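Here is the structure we will look at.
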Protein chains: 2
Amino acid sequence: MLSNTEENYLKALLKITLLNENEQVGTNELAKHLNVKPATANDMLKKLKEKSFVEYEKYGKINLTDEGKTKAIYIVRKHRLWETFLYEKLDFSWDEVHEVAEQLEHIQSTKLIDKLDKYLNFPLFDPHGDPIPNTKGEFLSIYKKKLSDVEIGQSCKMVAVRDNSSSFLQYVVKLGLGLNNQIKVISKQDFDGTIEIEVEEKKSFVSTKFAENLFVI
Amino acid sequence: MLSNTEENYLKALLKITLLNENEQVGTNELAKHLNVKPATANDMLKKLKEKSFVEYEKYGKINLTDEGKTKAIYIVRKHRLWETFLYEKLDFSWDEVHEVAEQLEHIQSTKLIDKLDKYLNFPLFDPHGDPIPNTKGEFLSIYKKKLSDVEIGQSCKMVAVRDNSSSFLQYVVKLGLGLNNQIKVISKQDFDGTIEIEVEEKKSFVSTKFAENLFVI
DNA sequence: AAAATTTGTTAGTCTTGCCTAACTTTTATA
DNA sequence: TATAAAAGTTAGGCAAGACTAACAAATTTT
């Protein structure tokens, strides 16, 4: 049985490895993700190695074992199902679901999650556009192009966000953006890379950082 | 902010004071309810006194303060709403809901609970027949007579259970009993108080202990 | 009322998960 | 390549929540 804290470490490790495809995961980065100090993360890595959820040697690379990855994906499954429930059934808004799901994802009951999945009609994506793993841990992986990769004059469709923080999502909403919205890239500034976009007749300027956090297709 | 553990202590204190109306709550009894040793319960009592959720002096009586009682009732509200959700929406059986609700009751989000309440149509009773407190902490208090109090030859209706353990509830189901069922008391044995009951044409014998855990009207 | 039993309390220890401070290894830079 | 910077590690401490063992107070029994 894993503690909530251990589960959070596994989830963070999965997230980091999936986000920075090729980059390697480090103690510092892991610690930053979890808002703890590197020393703390280091302690936990030893513990998770002991329990064989991660592979790693002193000063070496950190990798989830198959078992660790399975656990981590299951937590993601729970998180995204709860987000979907909050959004679809309880009428939570897009940017409110994450925080509560962070708590709900640690509830231990396979039966509960399977029944919730069924109740929601086996959804494939959560309210942020992220794929929901099935009982076997499989999930649809859509190719994620960032808004920042779109050429001037091209249009695209918003399919997901990279950052689930409330502050980011509220900004997204403020710009009139939402899942499946059509976005046209009007221009880019040479100076700082600011991008001018048009959404439903409305033009706005967004930063490169912002554009790197919006997935489109 | 209260920890899950602290919440469980408050809940246990409320439960004990409501069950044994006049009897006084003791360290030992509290410890037994929470599956900890008396010394542990004692430590926590000091802490809860410090935070002014309980009133008590060394070797003296233990009482929840108004604040403590409010907190405790709110946890009960959450617990019973979750049980109702599991039973009504997710198709859990009567005897499975308690365990999962024990975890769900600690999720911190007032918004979540209010929305859940609304989604369930503001239910007044949970699947075990226990009243669900409203946002103000008020709840319907129905007079609870025990099956063991029913006279020979009399009939009654089952309205709630005193013990939510899976083992007890499964036994209830096995006897063909459920909420709102009509129960007729056929006879009582002088020897050990065993009671013969009839439910939907079916006769069974139940122990005094069992009969003291079934509320009827 | 004294003795025995039950109930309640204190002191000291353990584990988990976090911290700081100091140190070591690796990587980047001059 | 030597040195500076960054990243990673270790040692020692702290708070929460549990435990055991020993002790104190209250209650029951004789």
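Letters go in sequence order (proteins before strands), and every chain restarts at 1. Fair warning: this is a prediction, and the values are worked out from it, not measured in the lab.
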*Considering heavy-atom distances to DNA chain C, does B/Y56 or A/E6 have its closest nucleotide positioned more toward the 5' end?*
B/Y56
*In whole angstrom, what separates B/L45's CG from D/dA18's P?*
12 Å
*With no hydrogens and no angle check, do the side chains of A/D126 and A/H79 hold a donor and an acceptor under 3.5 Å apart?*
no
*asked:* Expressed as a whole number of angstroms, how long is the span from B/L2:CG to D/dA16:C1'?
replied: 14 Å
*asked:* Just the rounded figure in Å: distance from C1' of C/dT15 to CG of A/D43.
replied: 13 Å
*Give me the one residue out of A/R80, A/R77, A/K11 that meets salt bridge (charged side-chain N to carboxylate O under 4.0 Å, His left out) with A/E105.*
A/K11
_Contact under 4.0 Å: A/T27 side-chain N or O vs D/dT9 OP1/OP2_ = yes
*asked:* What is the separation between atom CD on A/E57 and atom P on D/dT9, rounded to the nearest whole Å?
replied: 10 Å
*Measure from the side-chain N and O atoms of B/T65 to the backbone N and O of B/F53, and report whether any donor-acceptor pair falls under 3.5 Å.*
yes
*Name the closest nucleotide to the A/A39 side chain, picking from D/dA11, C/dC18, C/dT7.*
D/dA11
*asked:* Taking 4.0 Å as the cut-off, does a side-chain nitrogen or oxygen of B/Y59 come that near to OP1 or OP2 on C/dT6?
replied: no
*Tell me which of A/P38 and B/I62 sits closer to the 5' end of DNA chain C, going by the nucleotide each one is nearest to.*
B/I62
*Closer than 4.0 Å, any side-chain N/O of A/K58 to the OP1 or OP2 of D/dT10?*
yes
*Under-4.0 Å side-chain N/O to phosphate OP1/OP2 contact, B/T40 with D/dC19*: yes
*Measure the distance from NZ on A/K49 to C1' on D/dG8 and round it to the nearest whole Å.*
15 Å
*asked:* Can you identify which nucleotide, out of C/dT7, D/dC19, C/dC18, has its nearest atom closest to the A/T5 side chain?
replied: C/dC18
*Polar contact flag, side-chain donor to acceptor under 3.5 angstrom, B/S187-B/E196*: yes
*Roughly how many Å is it from CE in A/M44 to P in C/dT15, rounded to a whole number?*
16 Å
*Taking only side-chain nitrogens and oxygens of A/K46, does any of them come within less than 4.0 Å of OP1 or OP2 of D/dT10?*
yes
*Does a side-chain N or O from B/N42 land closer than 4.0 Å to OP1 or OP2 of C/dG8, or not?*
no
*Between B/K61 (NZ) and C/dT7 (P), how many Å, whole number?*
17 Å
*Counting side-chain heavy atoms from CB outward, which of D/dT20, C/dC18, D/dA18 is closest to B/K37?*
D/dT20
*Do the charged groups of B/K71 and B/E6 touch, with an N to O distance under 4.0 Å?*
no
_Could you tell me how far apart B/L30 (CG) and C/dG8 (P) are, to the nearest whole angstrom?_
10 Å
*asked:* Does D/dA18 have its OP1 or OP2 closer than 4.0 Å to a side-chain nitrogen or oxygen of B/Y9?
replied: yes
